[in-house]
Amino acid sequence: MLKEAGQYDAKLLEQNIHKFWDEIDAYSQVREQRTKGPKFFFVDGPPYTTGRIHLGTAWNKIIKDSILRYKSMNGFHVLDRAGWDMHGLPIEVKVEGVLGFKSKKDIEKYGVGNFVAKCKEFALSHRDEMTLQFQNLGVWLNWKDPYMTLRDEYIEAAWWTLKKAHEKKLLEKGLRVVNWCPRCETAIADSEVEYSEVSDPSVYIKFPIVGEENTYIVIWTTTPWTIPANIAVAVHPSFEYVKVRAVKNGKEEFLIMAHELLKNVLKQGRYQEHEVIETILGEDLKIAYKAPLGHKVPKQNEFPHNVYMADFVTAENTGCVHIAPGHGIDDFELGMKHKLPIFCPVGPDGKYTEEAGQYKGMNVKEANKTIIDDLTENGLLLASGKISHRYGNCWRCKTPIIYLATEQWFLRVTDIKEKMLDEINKVKWYPDWAGSARFADWVRGSRDWCISRQRYWGIPIPVWVCDFCGEIEVMGTMEELKNRSAVKDLSDLHRPYVDNIHIKCRKCENRMSRVPDVFDVWFDSAVASWATLNFPRDEKTIKEWWPADFITEGHDQTRGWFYSQMGASMVSFGKAPYKSVLMHGFTLDTEGKKMSKSLGNVVSPDEVISKVGAESLRLYVLSQNAPWDDLKFSWDEVGTVHRMLNILWNVYRFPLPYMILDNFNPVDSDEKLASLPLRLEDRWILSRVNSLIKKVETAMSEYNLHKATRPISEFILEDLSRWYIQLIRPRTWREANDPDKLAAYYTLYEVLVTLTKVMAPFAPHLTEEMYGNLVRNIHPDAPQSVHMCNWQPAKEKFIDVELEKRMDVIREIVEASSNARQKLKRKLRWPVKRIVVAPKNEIVIEAVLSLESVLKEQTNAKEIVSLKTGETWDQLGVEVLPNHAALGPAFKKDAGKVIAQLKSADGRAIKKSILETGSFELKAGVITADMVTFKDLIPPAIASAIFSAGDVYVDTELTREIESEGYSREVIRRIQDMRKELDLAVEEEIRAAVEIKDDRVAVLVLEMKDFIAGEVRAKSLMIGPEVEVDGELVKDWDVEDVKMRMGIGR
RNA sequence: GGGCCCGUAGCUUAGCCAGGUGGAGCGCUCGGCUGAUAACCGAGAGGUCUUGCGUUCAAAUCGCAACGGGCCCA
């Protein structure tokens, strides 16, 4: 049997549903039930296990959940292991913070094994916390058996991939300039560099030219600390350079720089006068210079210093670029091209090494000042100031990065770039530009991928190098390492356990040792699509599932996971690891600014859930905007969604008491719907809900979640709540087993059950609750959960597009008539004599004709009249407006008389005659069409309003009958109000008495006594000018200036 | 500096691809309803469609540029 429902309490409801899901293990049942269906392989982009989830992560998982629920209902066998990204520097930094560590030395002292254990503990505990938070959102993924990057089988997937890269000669060790964090003492990826505005030195330095007395080439830099590593100067081959004689305080010197930048440089150096001596094209600038700090850095004196040409030189500052191949990417490439020494006198801790001579031991950033002082001292500083610009920081510890030339391991993805671009085209991107424009652009500009990190908590790079001959071998699996090393007991593939395993070199039989590095953490998630299938340990599953059918992440993952997966997959399998990608946006604050702790504008999912529940949050993020647009969070809009759900809940619970009272038991509802006398409004709502299904299907086929959810809200508010429920109300409180009432019951029941299925993917809690009552309480053998139901396709037999159109017209007319009523302040409770519709087209006539009863009821009109198209209602008066400009010349001095006669004549007759014959005869003369214009005159008791396809006239003239009914309804409303106050049950009968202190009104109301008694369920009812009023509740009322006293009791 | 996306009423947005009088919701003001009631419904006010230039008979819509925001890169 159906049960009544109380007010909508989202939190309580959601808690109960979560409990219910746990009890029956709903998730597992749903997935198992679909194992025979077509496969749908989804790979969860693994969130990083630090701290709590934020709104963006919540949105991400809600999108995933909704799509997977939809796919599952549509019969797909969904594979969806949740994923966790658990390695890497972010966790190391957090753990270092907890332990109060400042540098790698602290970690070494503490013991790598202990440190790694702490990192693991941190990752696992945060995984548990975050799992709960995701579950609170109602997100269904395989939480029991998630993939975790710290598991041995996952590590093997990464190892196997690297071995593939090695086999395909795409793995390379080399000296490269990398982004280096001097605090973390490791290389970091381009994607781990975060830019911020900082103030740095801006210095102009003069490099003395060899063989030319008092002549210098001028360079500019923001990093004076790289000057000890200077090896060359670069100029643009096609720029024009000049040699200038410049004078400052009576001293002259000769400077070389780009011609167009001359003025600025001389101003910077405060030269008082100058003269261009010579103009030279960049490509002809063949000069050597002396190291500016040779006296401090002896090693510098061993290197040649020359000027080279480079296209990357821009016409900024001096047009001459200081080149330190050990400290810059362009510098390094220029150095390689000209076989220059890659001089890098800086250690991993960001301090100068032995090679930096007198600067040894100094922190480079702190050395800036010393170097500027030293240059001043030897007269080579032209100018020194400050500049505010964007500079890269380590995204985790915020330390400014430096560029260092170091030995690193690289994946040569640039070799397979073209193939990667081909694969991008084969992937279906939502929206299209995410792939064709954004991702393709990123891939085109990508460089070789530096995959090594000099850290501890990560997947150890499985490369063993021979201590003697340098031979390289890559271990692809744990098994392989065991066999090659004869270490039988290998329980953990992390550092430090793998660090001490040695193998014998195949070439020279000497000892091989593992390189100490770990993987860039992006490499971990890069292998997720096969790691989640337990490949390479399990070689069978991958054949059945891979590649992924679908992934979805935020647009920041273009450079991140979309790319890392693509790269790793191209290396391993030579094709894209996913078939379709939905790229979604970011969550921003109401201002459109990003949410960040420092701005204090962060809204957490928990905060939203605690206020309005997860369901409102879900529908809010799904419907607010297109998935790929950024979402500006707004509490107001969340509130609006919550209100919509509340209305749905009220719509759902409204009929329950009546249905229960009537023992409504819709076991054979299909049959009943076919046999009961459905009204047109019943057929209409059935048509609407089935049209809705089609809309949702169309939107979901393109993952347009906003276009799927918005029509659902609209249906609930406009069609169900504001219209259908209003229409059927009188039918629901009819007492007998009336087929007309049953038709409404069965229709509403069908609509609500259909709606729960359409909404289930998006609002899994609310629909589960409704389903439990509406379906499970009636059919005990129905699927246990709405999420076990099949998607219900639209029932075409119910769809009637014409009817939908006609109902739209009726709704417009009703709106217009209530607008008109308002003009004359006539309440809806008071019937009106008639409503006249002047239609613009035939559809309106058909609509009024076929849906007259609906129109009558909703407008509370005694009669509905529809005119023909173009017909003027004959009750309207016509005002004739004389056209003086035409009448004057035509009638001259009689014009005044004509005008007077026009005013007193019957306007309607004039209009009719003019329209039919073109003229009208007055006593004073014949007037023609050009002499007059007409205006409709609306009688005082009539109000009009327009709608899109015509006019509506409401005749509010009072008749005895109307007054009688109007006052009666006033009485009824007040008695109902009192019933409410006494908290009476709907079906409970009362005794009532009404004293009306106006004889005329008392008589009018008395005429409706039976009607009133029926409406208020009164077994006895007394009405009259002098009635004794008593009972449990007695109240005095003022009804339209008539004093009434009413009393009711059981 | 470059790539991609976004900019419409006080707020959140539809319309833009396929040019032809800008639609909603929230909020506000006024009113209605009172057997969904700590609910619900109607009406009204409110828009230089970020700005400028161009294409066109016609531009929110197409093109170019600028400005502001987001993500990514340099």
Side-chain angles (χ1 to χ4, degrees), chain A residues 5 7-8 190-191 193 195 312 314 316 329-330 390 392 431-442 444-447 554-560 562-563 583-594 620 623-626 628-641 643-644 646-658 706-707 710 713-714 717-718 720-723 725-726 729-730 732-733 814-823 825-830 858 945 969-970 972-981 984-988 1015-1017:
Chain A
Q7 302 243 344
Y8 180 46
D190 289 344
S191 50
V193 178
Y195 291 82
F312 59 76
T314 56
E316 286 165 321
I329 291 156
D330 287 336
R390 285 163 66 77
D432 186 58
W433 51 260
S436 60
R438 208 183 157 103
F439 191 48
D441 178 66
W442 162 257
R444 269 186 217 109
S446 62
R447 298 199 302 244
H555 45 49
D556 57 328
Q557 295 303 328
T558 303
R559 70 161 188 186
F562 298 162
Y563 176 69
M583 186 188 78
H584 66 75
F586 256 52
T587 46
L588 311 173
D589 73 1
T590 325
E591 315 265 285
K593 299 260 194 289
K594 71 169 161 186
Y620 166 69
S623 63
Q624 180 63 11
N625 47 17
W628 48 85
D629 281 337
D630 288 344
L631 183 141
K632 283 198 238 174
F633 183 82
S634 154
W635 278 109
D636 280 356
E637 297 301 313
V638 173
T640 305
V641 171
R643 199 181 65 113
M644 183 276 289
N646 193 40
I647 291 172
L648 169 62
W649 184 257
N650 283 333
V651 163
Y652 150 73
R653 78 193 187 102
F654 147 75
L656 293 174
Y658 310 110
H706 61 312
K707 290 192 180 172
R710 282 174 187 169
S713 300
E714 212 168 295
L717 294 176
E718 291 296 327
L720 249 193
S721 168
R722 286 179 196 162
W723 198 241
I725 294 295
Q726 306 310 322
R729 276 175 129 156
T732 57
W733 49 81
V814 171
E815 267 177 32
S817 85
S818 72
N819 187 356
R821 269 174 177 271
Q822 209 168 313
K823 288 179 186 167
K825 298 211 182 301
R826 184 55 49 88
K827 292 176 192 169
L828 187 58
R829 209 180 296 133
W830 287 65
Q858 292 306 300
R969 285 193 188 275
E970 297 284 1
I972 292 166
R973 199 222 104 193
R974 285 167 176 82
I975 294 176
Q976 300 289 29
D977 205 56
M978 291 165 73
R979 283 186 66 114
K980 192 97 204 160
E981 204 171 314
L984 297 180
V986 168
E987 69 277 16
E988 211 161 340
E1015 287 292 304
V1016 303
R1017 293 195 187 229

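Lettering of chains follows the sequences in order, A, B, ..., and the numbering in each one begins at 1. Atoms considered below: every heavy atom in the structure, side chains included; atoms not considered: hydrogens, waters and symmetry mates.
Nucleotides rA24(B) and rC6(B), compared at atom P, are 25 Å apart to the nearest Å. rG70(B) and rU56(B) have their C1' atoms separated by 33 Å, with the value rounded to a whole Å. On the C1' atoms, rG47(B) is 14 Å away from rU21(B), given to the nearest whole Å. Rounded to a whole angstrom, the distance from the P atom of rA45(B) to that of rU34(B) is 27 Å. Comparing the same atom, P, in rU50(B) and in rG44(B) gives a spacing of 26 Å after rounding to whole Å. The P atoms of rA9(B) and rG46(B) are separated by 15 Å, rounded to the nearest whole Å. Taking atom C1' on both nucleotides, rG20(B) is separated from rU13(B) by 24 Å, rounded to a whole Å. The same atom, P, is picked in rC72(B) and in rC57(B); the two are 45 Å apart, to the nearest Å.
Proximity of Q726(A) to the phosphate of rC40(B): no side-chain N or O atom is located under 4.0 Å from OP1 or OP2. One finds a side-chain N or O of N625(A) lying less than 4.0 angstrom from the OP1 or OP2 phosphate oxygen of rU13(B). In terms of phosphate contacts, R438(A) brings no side-chain nitrogen or oxygen within less than 4.0 Å of OP1 or OP2 of rG3(B).
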Show me the protein contacts with nucleotides 29-33 of chain B, counting only N or O atoms at under 3.5 Å.
from	atom 1	to	atom 2	distance (Å)
rC33(B)	OP1	R829(A)	NH2	3.1
rC33(B)	OP2	R829(A)	NH2	3.4

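Side chain of R710(A) to main chain of S623(A): a donor-acceptor pair is present (N/O by atom type, distance under 3.5 Å, no hydrogens or angles). The main-chain N or O of I647(A) is never found under 3.5 Å from a side-chain atom of Y8(A) such that the two would form a donor-acceptor pair. Of the possible polar contacts, none joining the D629(A) side chain to the G585(A) backbone as a donor-acceptor pair under 3.5 Å is found. No donor-acceptor pair closer than 3.5 Å links the side chain of R969(A) to the backbone N or O of L828(A). Of the possible polar contacts, none joining the H584(A) side chain to the W628(A) backbone as a donor-acceptor pair under 3.5 Å is found.
Counting only heavy atoms from C-beta on, D556(A) has its side chain closest to rC72(B) among rA39(B), rG42(B), rC72(B). For D977(A), whose side chain is taken as the heavy atoms from C-beta onward, the closest listed nucleotide among rG3(B), rC72(B), rU34(B) is rU34(B). With rG42(B), rU13(B), rG70(B) as the choices, the nucleotide that has an atom nearest any side-chain atom of R722(A) turns out to be rG42(B). Nearest nucleotide to the side chain of R643(A), out of rC5(B), rC26(B), rA43(B): rC26(B). Side-chain atoms of E637(A) lie closest to rG25(B) of the nucleotides rG25(B), rU34(B), rC5(B). Out of rC40(B), rG70(B), rG42(B), the shortest distance to the side chain of H555(A) is found at rG70(B).
Side-chain contact annotation: E970(A) with W830(A), donor-acceptor N/O pair under 3.5 Å present.
Evaluation of the side-chain hydrogen bond (donor to acceptor under 3.5 Å, both in side chains) rule for Y652(A) yields N773(A) as partners, not counting sequence neighbours.
Using a 4.5 Å heavy-atom cutoff, the side chains of R979(A) and E988(A) are in contact. Inter-residue side-chain proximity for M644(A) and L717(A) is flagged as met; some heavy-atom pair is nearer than 4.5 Å. Here the side chains of M583(A) and F562(A) are in contact, with some heavy-atom distance below 4.5 Å. Counting heavy atoms from C-beta on, the side chains of F586(A) and H555(A) come closer than 4.5 Å.
Across all strands shown, E815(A) has heavy atoms under 4.0 Å from sugar-phosphate atoms exclusively, and none from any base. Residue contacts for S721(A): at a heavy-atom cut-off of 4.0 Å it reaches a base atom on one of the strands shown. When heavy atoms are screened at a 4.0 angstrom cut-off, T640(A) is found touching the sugar-phosphate backbone but no base atom.
Residue D432(A) contributes atom CG, which lies 16 Å from atom P of rC17(B) at whole-angstrom precision. Distance CZ (R710(A)) to C1' (rG23(B)): 13 Å, rounded to an integer number of Å. One interatomic measurement links the two molecules: NE2 of H584(A) to C1' of rG70(B), which rounds to 14 Å at whole-angstrom precision. Rounded to whole angstrom, the span from the CG atom of D630(A) across to the P atom of rG69(B) amounts to 14 Å. Atom pair E718(A):CD and rG25(B):P shows a separation of 7 Å (rounding to whole Å applied). One interatomic measurement links the two molecules: CG of D441(A) to C1' of rA74(B), which rounds to 12 Å at whole-angstrom precision. In this structure, K632(A) places its NZ atom 8 Å from P of rC11(B), rounding to the nearest Å. Between the CZ atom of R444(A) and the C1' atom of rC72(B) there is a distance of 15 Å, given to the nearest Å.
Of the listed residues (Q976(A), R973(A), R974(A)), just one forms a side chain to side chain contact (heavy atoms under 4.5 Å, CB included) with V1016(A), and that residue is Q976(A).
Remark: RNA chain B forms stems of 3 or more consecutive Watson-Crick or G-U wobble pairs, all pair distances under 3.5 Å, at B:1-7 with B:67-73, B:10-13 with B:23-26, B:28-32 with B:40-44, B:50-54 with B:62-66.
If you find the closest nucleotide of RNA chain B to N646(A) and to F654(A), the one lying nearer the 5' end belongs to F654(A). Nearest-nucleotide positions on RNA chain B for L720(A) and L717(A) put L720(A) closer to the 5' end.
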